[in-house]
Asker: 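Pasting a structure here, questions to come.
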Amino acid sequence: MNIRQAKIADLEAIYAIEIANFSVEEAISKDILAEHIRTIKTSFLLAEEEGEIVGYIEGPVVKGRHLKDSSFFEVQDFSHEKGGYISITSLSIAQKAQSQGLGSLLLQAMKNLAIKDSRQGLNLTCHDYLIAYYEKQGFINEGLSASTYAGETWYDMVWENPQLK
């Protein structure tokens, strides 16, 4: 398994995984994913197995503790500044690679990146049925989110960098 930064040449494979796993309302558009690949300098990671992309995790470095809906549409990345949180806007695994621990590996890679770059932590929003999964990954449920993305109910989840506590 190889985990690396995404390149624009990876867009088609990334988008295919995105639309296979998310509803039309929740999926990030191909244009926005392309902009994320171009703009997010450090935190758009993908997993390859035998040269095939089997999953990815991505999101910009932001200043706030909680993910904001604008991160899905307005691509701003503050990776050039100190601190901040990596705001995970998508974690998606190819159907054939699901239930093999790949999501955990990608989350760990993002945590390692946050530690290396002295980020305050990671944040994301999730549905209620995913809270336990993210808690097992070390995230804290901080309650109902202000997010209204895709007209859904979301929960704010935060992982704090243990080296900055």
Side-chain angles (χ1 to χ4, degrees), residues 3 5-8 10-40 42-48 52-79 84-111 113-114 121-159:
I3 296 177
Q5 184 71 19
K7 300 178 286 199
I8 199 67
D10 304 317
L11 179 61
E12 292 300 325
I14 291 167
Y15 184 63
I17 295 169
E18 178 79 9
I19 61 174
N21 288 318
F22 295 102
S23 69
V24 173
E25 295 81 17
E26 291 178 0
I28 298 174
S29 75
K30 185 189 259 186
D31 290 342
I32 294 294
L33 282 171
E35 192 60 26
H36 277 204
I37 292 169
R38 284 188 206 86
T39 305
I40 297 171
T42 61
S43 50
F44 196 131
L45 305 177
L46 57 79
E48 285 180 314
E52 182 180 356
I53 296 169
V54 292
Y56 65 92
I57 187 169
E58 61 96 7
V61 174
V62 300
K63 296 177 182 185
R65 183 172 177 85
H66 295 129
L67 183 141
K68 298 205 179 311
D69 287 352
S70 60
S71 293
F72 293 101
F73 309 109
E74 300 168 12
V75 187
Q76 288 188 309
D77 180 48
F78 294 94
S79 59
Y85 287 83
I86 300 172
S87 218
I88 299 172
T89 53
S90 192
L91 168 60
S92 196
I93 309 300
Q95 299 288 327
K96 70 179 190 175
Q98 291 181 2
S99 301
Q100 298 175 21
L102 186 52
S104 296
L105 286 174
L106 285 167
L107 282 165
Q108 187 59 54
M110 197 67 90
K111 289 175 189 175
L113 182 64
L122 310 177
N123 63 44
L124 57 89
T125 56
C126 71
H127 292 289
D128 58 356
Y129 60 86
L130 289 171
I131 291 171
Y133 172 78
Y134 286 111
E135 286 177 336
K136 286 179 187 172
Q137 305 297 324
F139 284 77
I140 298 165
N141 176 4
E142 296 195 339
L144 278 173
S145 175
S147 175
T148 59
Y149 183 71
E152 297 283 341
T153 299
W154 302 97
Y155 290 82
D156 284 319
M157 305 296 290
V158 176
W159 174 83

Asker: Tell me whether Y155 contacts the main-chain N or O of E142 through its side chain, where contact means a donor paired with an acceptor under 3.5 Å.
Answerer: no
Asker: Measuring only between side-chain heavy atoms, which start at C-beta, is T89 closer than 4.5 Å to P60?
Answerer: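 Answer yes - side chains close enough.
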Asker: Between atom CG of L105 and atom CD of Q108, what is the distance when rounded to the nearest 0.5 Å?
Answerer: 8.5 Å
Asker: Do M157 and E135 come within less than 4.5 Å of each other through their side chains, counting heavy atoms only?
Answerer: yes
Asker: Which heavy-atom pair separates N123 from G64 by the least distance, and what is that distance?
Answerer: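 That would be ND2-O, 3.3 Å.
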Asker: With side-chain contact (heavy atoms from CB on, under 4.5 Å) as the test, would you mind laying out the steps for V54 and L102 before giving the verdict?
Answerer: CA-CA 9 Å; V54 292; L102 186 52; 3.5 Å; yes
Asker: If you compare all heavy atoms of I8 against all heavy atoms of I37, which two are closest, and at what distance to 0.1 Å?
Answerer: N-CG2, 3.4 Å
Asker: Starting at CD1 of I57, measure out to CG of L113 and round the result to the nearest 0.5 Å.
Answerer: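 Here the interatomic distance stands at 10.0 Å.
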Asker: Are the side chain of S29 and the backbone N or O of I32 linked by a donor-acceptor pair below 3.5 Å?
Answerer: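 Indeed, once roles are kept as given, a pair shorter than 3.5 Å links the two residues.
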Asker: Please check: side-chain N/O of S43 versus main-chain N/O of I86, any donor-acceptor pairing under 3.5 Å?
Answerer: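 Not a single qualifying donor-acceptor pair exists.
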Asker: Within the 3.5 Å criterion, strictly below it, is a donor on T39 or D77 matched to an acceptor on the partner's side chain?
Answerer: no
Asker: CG/L67 to CH2/W154 distance, rounded to the nearest 0.5 angstrom?
Answerer: 9.5 Å
Asker: Which heavy atom of I17 sits nearest a heavy atom of S92, and at what distance?
Answerer: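 Answer, listing the atom of I17 first, then S92: CG2-OG, 3.3 Å.
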Asker: Can you give me the closest heavy-atom contact between G103 and Y133, atom names plus distance?
Answerer: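 Scanning both residues completely, I find the closest heavy atoms to be C-OH, 3.4 Å.
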Asker: Is K30 salt-bridged to E18, going by a charged N under 4.0 Å from an acidic O?
Answerer: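 Not counted as a salt bridge, because no side-chain N and carboxylate O are separated by less than 4.0 Å.
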Asker: Can you see which heavy atom on D156 is nearest to which on A146, and at what distance?
Answerer: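 It is OD2-N, 4.3 Å.
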Asker: Given side chains that start at C-beta, do those of I3 and L46 come closer than 4.5 Å, heavy atoms only?
Answerer: no
Asker: Honestly, is K63 close enough over F78, meaning NZ or CZ under 6.0 Å from the six-membered ring centre and within 45° of the axis?
Answerer: yes
Asker: Between atom CG of L144 and atom CG of D128, what is the distance when rounded to the nearest 0.5 Å?
Answerer: 9.5 Å
Asker: When you check the side-chain N and O atoms of N21 and Q98, is any donor under 3.5 Å from an acceptor?
Answerer: yes
Asker: What I'd like to find out is whether the side chain of Y134 reaches to under 4.5 Å of the side chain of L107, using heavy atoms alone.
Answerer: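 Contact flag for Y134/L107 side chains = yes.
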Asker: I want to check something: taking the side chain as every heavy atom from C-beta on, are L124 and L91 in contact at a cut-off of under 4.5 Å?
Answerer: no
Asker: Before you tell me yes or no, could you show the steps for W159 and Q137 under side-chain contact (heavy atoms from CB on, under 4.5 Å), namely the whole-Å CA-CA distance, both residues' side-chain angles and the distance that decides it to 0.1 Å?
Answerer: CA-CA 8 Å; W159 174 83; Q137 305 297 324; over 6 Å; no
Asker: Is L122 close to F139 at the side-chain level, that is, under 4.5 Å between some pair of heavy atoms?
Answerer: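 They are in side-chain contact.
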Asker: Parallel, tilted or perpendicular, judged at 30° and 60°: which one describes the rings of F44 and Y56?
Answerer: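 Taking Y56 first and then F44, their aromatic rings lie parallel (interplane angle under 30°).
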Asker: Would you say the side chain of C126 lies within less than 4.5 Å of the side chain of I131, judging by non-hydrogen atoms?
Answerer: yes
Asker: Do the non-hydrogen side-chain atoms of I28 and E58 ever get within less than 4.5 Å of each other?
Answerer: yes
Asker: Which atom pair, heavy atoms only, marks the closest approach of E26 to Y149?
Answerer: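 Taking every non-hydrogen atom into account, O-OH, 2.9 Å.
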